[in-house]
Novice: 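The structure follows.
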There are 2 protein chains.
Amino acid sequence: MSDAAGTRRGRSAEGRAEVRRELVAAAAGLFADHGYDETTVDDIATAAGVGRRTFFRYFRGKEDALSPDHELGLARIAEVFAGAHPTEPLLPLVLRAAETVFDLYLDDVEVARSRFRLVRDVPALRDREAASVHHYRRLFTRELTARLAGVPDGELRAAVSAAAIVAAHNQALRRWLADGGRLADVDACRGHFRRVAPMLPLEPDDAGLEDVTRRLERAANALEGRQDGRSERRTG
Amino acid sequence: MSDAAGTRRGRSAEGRAEVRRELVAAAAGLFADHGYDETTVDDIATAAGVGRRTFFRYFRGKEDALSPDHELGLARIAEVFAGAHPTEPLLPLVLRAAETVFDLYLDDVEVARSRFRLVRDVPALRDREAASVHHYRRLFTRELTARLAGVPDGELRAAVSAAAIVAAHNQALRRWLADGGRLADVDACRGHFRRVAPMLPLEPDDAGLEDVTRRLERAANALEGRQDGRSERRTG
DNA sequence: CACCGTAACGGCACTGCGTGCCACAAGCAA
DNA sequence: TTGCTTGTGGCACGCAGTGCCGTTACGGTG
């Protein structure tokens with residue numbers, strides 16, 4: 001065991017990523033096999049071939065080893081917002097930012113499904129997931145608040161829109177993972193998600209409340225329009 | 001100290017409630033004075049005049065001692081939903097349920113403000129609060145999903161509406177607590193909260209999507225109507 | 001009054017998480 | 001070689017939370 005550690009000691013960049021992957025894989029395997037609470041950090045570290053102390057140099061705690069992409073998702077969303085024009089309409093911008101997170105789950109579907117089951121069943125992980133979702137919501141709220149400055153009830157509208165966006169996103173993701181998580185359903189999931197977006201109280205500029213009326217009417221029309229057709233929307 | 005414990009040993013119902021209050025008060029005081037992380041469970045138990053083991057017989061953990069009203073709030077909301085007619089329109093019902101939680105904070109404003117500052121500053125408590133909010137959201141989602149059965153996109157609409165309701169409620173509460181938390185502002189806070197409600201995608205029955213159009217138009221009109229008047233709404 | 005069942009409490013010990021500290025090994029530069 | 005940096009492992013510590021058991025007060029029963 002000091003053998004494997006010795007051969008890895010040198011590489012600073014590649015070695016760290018490799019150790020991290022091994023720790024994530026070990027944690028996922030042990031969690032799936034013996035459960036979350038029954039798996040100790042010592043078990044994960046030993047399975048990955050490193051010391052217990054090293055584990056905490058890669059993850060803040062045992063829970064972080066399960067979903068290590070959380071901060072990456074936050075960074076990507078922030079990137080989308082940072083790369084957008086200040087006058088860009090908010091609705092497509094928010095959609096683009098939210099859909100960015102979908103790609104993180106598409107990287108390895110099997111791991112995502114395994115994580116989903118685990119988070120659904122273990123209370124401690126449910127709370128952790130809730131905190132994670134809270135961070136996404138906070139980020140959206142911050143960005144929307146900054147872009148809704150000057151608009152009446154801007155903060156309130158930003159908070160509501162952010163919560164609705166994140167909830168719709170999670171609902172779509174949850175349904176996709178619970179129903180099997182086949183890749184063919186990703187489009188349906190995304191459509192499922194986009195469906196709610198037009199009914200959000202978002203303002204592209206400091207236009208005023210008259211534009212909300214038009215936007216809400218458009219959203220209502222969109223809802224009315226796809227009352228029967230479900231998978232036909234990709235052709236329109 | 002074995003003196004006070006001895007006199008309390010007898011009363012089973014009154015004694016438990018008293019010990020619980022003492023523990024909550026001790027925890028609040030120690031958290032405010034020395035910080036959350038610097039306060040151990042031993043400190044709280046000692047300050048309350050009980051043993052450390054007893055603390056864990058009253059609270060699941062250190063974090064629960066800060067906001068012991070959480071489950072009570074959930075119970076009250078569930079009570080509102082349970083006492084409503086199945087055909088009752090959802091919008092006023094949801095409003096009534098959400099506003100029930102306001103009363104919990106009005107019982108002792110000073111404690112609420114102290115808790116607010118603490119939760120805002122300590123990361124561990126922020127996550128705990130996020131999990132708590134998540135439970136509220138889940139409860140609303142469950143109730144709305146049951147009442148939107150049969151409606152197209154019922155689950156999605158329930159999830160979005162629940163998230164929006166809870167977000168609006170928290171936004172109003174947060175602003176109230178951050179701005180000083182004077183009792184005179186409670187009405188403004190409640191109006192602040194009610195303002196978003198009409199734009200939610202809620203359905204009173206299995207009416208269909210045509211009614212959404214009307215509802216959204218009404219919401220837009222309501223928004224347009226109060227564009228300038230802010231505190232005049234109590235007279236109209 | 002004496003006896004016993006129950007319930008709450010306190011103390012003890014234990015597991016496990018997370019952290020601080022220190023020694024050691026490998027690579028790099030002078 | 002010597003010195004510096006970086007990553008690592010081990011050790012010890014504080015603390016959260018739990019299981020277990022002895023103790024103590026109360027209420028009922030004879």
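Below, chains carry the letters A, B, ... as their sequence lines are ordered, and counting in each starts from 1.
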Novice: Starting at atom CZ of B:R60, determine the distance to atom P of D:dT18, rounded to an integer number of angstrom.
Specialist: 10 Å
Novice: Expressed in angstrom and rounded to an integer, what is the separation of A:E22 atom CD from D:dT8 atom C1'?
Specialist: 14 Å
Novice: Taking atom types as they are modelled, would you say the side chain of A:R57 forms a donor-acceptor pair with the base of C:dG18 within the 3.5 Å cutoff?
Specialist: no
Novice: State, without any angle test, whether B:T40 and B:D43 hold a side-chain donor-acceptor pair at a distance under 3.5 Å.
Specialist: yes
Novice: Grab the CZ-P distance between A:F59 and C:dT19 for me, whole Å please.
Specialist: 14 Å
Novice: Considering every strand and a 4.0 Å limit on heavy-atom distances, what is the contact class for B:Y58: base, sugar-phosphate, or nothing?
Specialist: sugar-phosphate
Novice: Rounded to whole angstroms, how far apart are NZ on B:K62 and P on C:dC17?
Specialist: 18 Å
Novice: When you measure from the side chain of B:R16, which nucleotide among C:dC9, D:dA16, C:dC17 comes out closest?
Specialist: C:dC9
Novice: Does any donor atom in the side chain of A:R138 or A:H135 lie under 3.5 Å from an acceptor atom in the other side chain?
Specialist: no
Novice: Taking the six-membered ring of A:Y58 as reference, does the NZ or CZ atom of A:R16 fall below 6.0 Å from its centre and within a 45° cone about the axis?
Specialist: yes
Novice: Which residues pass the ring-ring contact (aromatic ring centres under 6.0 Å, His included) test with B:F55, not counting sequence neighbours?
Specialist: B:F59
Novice: Nearest-Å distance, CZ (A:F56) to C1' (D:dC15)?
Specialist: 14 Å
Novice: So, B:Y136 versus B:H70, ring centres under 6.0 angstrom or not?
Specialist: yes
Novice: Give, ordered by number, those residues of residues 27-47 of chain B having at least one heavy-atom distance below 4.0 Å to an atom of DNA chain C; if nothing qualifies, reply none.
Specialist: none
Novice: In whole angstroms, how far is the P atom of C:dG18 from the CZ atom of A:F55?
Specialist: 8 Å
Novice: Looking at B:Y36, is B:K62 sitting on its ring face, NZ or CZ under 6.0 Å from the six-membered ring centre and within 45 degrees of the normal?
Specialist: yes
Novice: Which whole-number value in Å describes the distance from B:E18 CD to C:dC9 P?
Specialist: 11 Å
Novice: At less than 3.5 Å, do the side-chain atoms of B:R53 and the base atoms of D:dG19 form a donor-acceptor pair?
Specialist: yes
Novice: Mind checking whether A:F81 and A:R142 have side chains closer than 4.5 Å, heavy atoms only?
Specialist: no
